[in-house]
J.: 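Got a structure here, written out as structure tokens. Questions coming.
Proteins get letters first, then strands, A, B, ... in listed order; numbering begins at 1 in each. Basis for what follows: all heavy atoms, side chains included, without hydrogens, waters or symmetry-related copies.
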Number of protein chains: 2
Amino acid sequence: MESPRKRATMTDVARAARVSLQTVSAVINGKPGISEPTRERVRSVIRQFDYHPNGFASSLRARRSFTVGVVIPTITNPYFPEFVRGLEDVAHRQGYSVFLCNSDHDQSKEINYLQLLRRHRVAGYVVAYGLSNSEGDRILAELAADGIPVVTLGTRQLHPRAVTLLADDVHGTKRITTHLVELGHRRIGFISPPEGGDVHRHRLAGYLGALEKAGIAAEPALIAPGDFSVKAGQRGAARLMKLGHPPSAIVAANDLVAIGAINALRRMRKRVPEDVSVTGYDDIPLARLFHPALTTMAQPVHEMGTAGMAALLARIKDPKLTGEAIRFKSKLLVRESTAPPLGPPG
Amino acid sequence: MESPRKRATMTDVARAARVSLQTVSAVINGKPGISEPTRERVRSVIRQFDYHPNGFASSLRARRSFTVGVVIPTITNPYFPEFVRGLEDVAHRQGYSVFLCNSDHDQSKEINYLQLLRRHRVAGYVVAYGLSNSEGDRILAELAADGIPVVTLGTRQLHPRAVTLLADDVHGTKRITTHLVELGHRRIGFISPPEGGDVHRHRLAGYLGALEKAGIAAEPALIAPGDFSVKAGQRGAARLMKLGHPPSAIVAANDLVAIGAINALRRMRKRVPEDVSVTGYDDIPLARLFHPALTTMAQPVHEMGTAGMAALLARIKDPKLTGEAIRFKSKLLVRESTAPPLGPPG
DNA sequence: TTGTAGGCGTTATCAC
DNA sequence: GTGATAACGCCTACAA
């Protein structure tokens with residue numbers, strides 16, 4: 001068992017290149033004021049020694065880190081890979097690395113992650129759909145007090161100093177529900193996001209708003225509780241179709257739920273969209289490839305990621321920048337999973 | 001604009017708690033030898049000061065970090081979220097954080113990431129499907145020389161000191177191709193993984209092996225070049241079906257490719273599986289929800305992640321452990337996308 | 001451009 | 001359990 005070789009330090013490099021320590025530092029950090037021959041000589045020694053700067057030492061001394069923390073519910077929800085890719089692309093382009101944390105919507109896990117990220121002294125935080133509680137607010141306030149930028153993805157502005165990526169859930173849900181109304185549907189079921197959250201409130205408001213605008217009375221039985229999983233779609237659809245007077249269309253909380261619902265409907269020998277129309281939300285990459293292709297509200301998820309990270313890095317670089325809300329528009333994509341109702345409406 | 005408050009240091013905590021510095025350190029790191037009342041007093045001051053240990057200082061001094069680097073092609077390929085979740089779950093349980101890097105199969109990007117991770121002094125590396133080139137081998141060798149554990153996910157053991165998560169691609173592809181043969185197919189197309197890689201070699205070997213075993217002559221025209229994308233499936237299927245004598249079944253490189261192929265076939269008014277059978281690979285979460293549900297080889301992706309991270313952390317904790325190959329078995333799942341050919345075979 | 005000195009916030013190692 | 005002291009590897013400031 002050979003023991004690990006000793007790593008070269010900046011001092012070693014400086015000595016071998018016959019320059020001062022700060023010259024090496026300047027070369028590494030691309031600072032001006034070093035002649036080209038010197039630069040090359042230093043670089044050559046760096047290669048020769050296979051020297052890699054120690055990020056800990058540098059971050060400790062310079063009091064800044066080139067890392068950011070990203071906390072999402074779970075990367076296995078197809079919504080988030082796109083978002084994370086957007087974040088990560090921009091971060092990497094500017095030399096930042098990303099800590100990925102899956103909170104599973106679990107509050108204690110989320111807090112635990114935030115503590116961990118604090119130890120790592122990340123330069124900024126991106127938190128997607130989380131922290132809607134007093135403990136979370138406290139942490140956000142502390143970060144703000146420390147002057148550490150925070151970007152959240154969600155439905156409301158959590159903190160005046162945080163950047164919030166705002167999805168237009170109310171409008172979006174209203175829009176897609178209205179699409180069903182326009183097709184002639186009158187009995188429209190709703191498989192809701194997890195209760196208690198803002199998304200639930202907003203989406204529900206959009207759904208109810210569309211019905212009201214159409215002069216359709218809302219019916220509690222047509223609202224099935226759910227979350228963002230395939231299983232919720234299966235259960236929700238089963239529950240709705242068991243009703244004495246089942247809906248002719250279902251508004252699902254997202255594409256995954258819609259897929260689950262369509263799956264359940266198929267097992268009940270219901271055709272989509274002939275017997276029941278189903279809508280999704282998000283436009284995950286596979287939505288258009290499904291059969292039937294999903295009618296859904298597309299969110300510019302990747303762009304939300306790039307814009308979010310850009311805003312975060314801008315604030316890391318210039319702490320004087322203030323919080324803001326960046327609004328993103330979702331867009332109705334009518335595909336195959338919705339159609340006019342077959343029988344006479346009502 | 002309030003300026004960021006000054007962070008408390010360990011010294012501050014020690015002073016306020018009227019204990020020595022090392023007592024604070026011991027409390028934080030859960031070391032024995034401190035009385036319970038003292039512990040509580042220290043903890044109370046920590047809370048009061050909202051003190052968070054500085055990971056840089058600690059890592060610099062102790063020469064160890066609680067971070068690992070994960071390099072994958074792209075998290076937007078649905079194969080990887082499951083894998084990454086597996087990795088991350090285990091890492092987090094042991095107090096480690098994960099740097100996520102998307103290399104996009106781009107060699108220079110991959111190398112760039114590895115450099116970055118070296119600066120961060122990550123305690124270990126997980127590299128999925130990458131580094132099959134001399135530069136990569138060099139880096140791996142260097143890491144090994146530094147005594148830094150590496151886990152790779154792929155098809156061959158890259159380095160005797162690395163842990164390799166081995167998928168049984170040859171056998172798996174042979175198995176699923178044989179499934180088609182057993183259904184009665186004789187003309188079986190193949191949409192291949194990217195050429196030049198091991199996966200390509202292995203999968204192709206499996207495909208050809210199954211044909212040979214069945215006494216079917218391989219036909220170059222039935223092998224369409226591709227990669228792991230939906231688009232590759234669309235293109236590959238289009239190309240195969242344009243043949244004078246098109247295949248009655250298609251073996252796709254993975255589920256995404258299969259989905260693309262099915263999509264293209266549908267646009268050509270071919271029914272799956274009646275007119276053409278299509279197989280996938282991986283069993284991504286949505287594979288069973290597709291219509292038709294995909295016949296595919298399931299890989300225990302999440303488990304590959306948990307096992308991989310467990311192996312990595314074990315080696316971080318005990319550098320004397322040697323490299324090994326961990327083999328994972330894939331499993332044939334026959335669902336709806338395959339069926340016997342309609343017409344007379346041949 | 002150079003060289004030197006000091007310090008970032010920990011951990012480690014002594015002796016006590 | 002305390003206290004003092006020396007690193008860890010780098011950045012910054014200053015004088016030259």
J.: Considering residues, nucleotides and ligands other than A:R138, do more than 12 of their heavy atoms fall under 6.0 Å from its CZ?
T.: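 Counting neighbours around CZ of A:R138, more than 12 heavy atoms of other residues, nucleotides or ligands fall under 6.0 Å, so yes.
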J.: Any salt bridge linking B:D146 with B:R121? Criterion: basic side-chain nitrogen under 4.0 Å from a carboxylate oxygen.
T.: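 Salt bridge flag = no for B:R121 with B:D146.
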J.: Please encode protein proximity along nucleotides 8-14 of chain D as a string of B, S and -, counting only heavy-atom distances under 4.0 Å.
T.: BBBBS--
J.: Can you give me the first and the last nucleotide of DNA chain C (5' to 3') that has an atom within less than 4.0 angstrom of a non-hydrogen atom in chain B?
T.: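 Endpoints of the contacted stretch of DNA chain C: C:dG9 to C:dT13.
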J.: Using modelled atom types and a 3.5 Å cut-off, is there a donor and acceptor pairing between side-chain atoms of A:T67 and backbone atoms of A:V98?
T.: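 Judged by distance alone, no pair lies under 3.5 Å.
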J.: So, are A:R43 and A:E40 salt-bridged, with charged N and O less than 4.0 Å apart?
T.: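 A salt bridge is present here (some side-chain N lies under 4.0 Å from a carboxylate O).
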J.: Hey, can you tell me if A:F99 and A:H120 have their rings parallel, tilted or perpendicular (30° and 60° cut-offs)?
T.: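 Taking A:H120 first and then A:F99, their aromatic rings lie parallel (interplane angle under 30°).
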J.: Answer whether the closest heavy-atom distance between the side chains of A:R41 and A:R18 falls below 4.5 Å.
T.: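 A:R41 reaches A:R18 side chain to side chain.
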J.: Does a side-chain heavy-atom distance below 4.5 Å link A:I28 with A:I46?
T.: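 A:I28 reaches A:I46 side chain to side chain.
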J.: So for the helix from C:dT1-D:dA16 to C:dC16-D:dG1, with five pairs setting each end axis, what is the inter-axis angle to 10°?
T.: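 The angle, to the nearest 10 degrees, is 30°.
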J.: How are the rings of A:Y96 and A:F66 set relative to one another: parallel (under 30°), tilted (30 to 60°) or perpendicular (over 60°)?
T.: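 Answer is perpendicular, since the angle exceeds 60°.
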J.: Pick one: which of B:D89, B:V90, B:V84 meets side-chain contact (heavy atoms from CB on, under 4.5 Å) with B:M309?
T.: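 Only one of B:D89, B:V90, B:V84 forms a side-chain contact (heavy atoms from CB on, under 4.5 Å) with B:M309, namely B:V90.
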J.: Ignoring hydrogens and geometry, is there a side-chain-to-backbone donor-acceptor pair from B:T164 to B:L166 under 3.5 Å?
T.: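 Answer holds: no.
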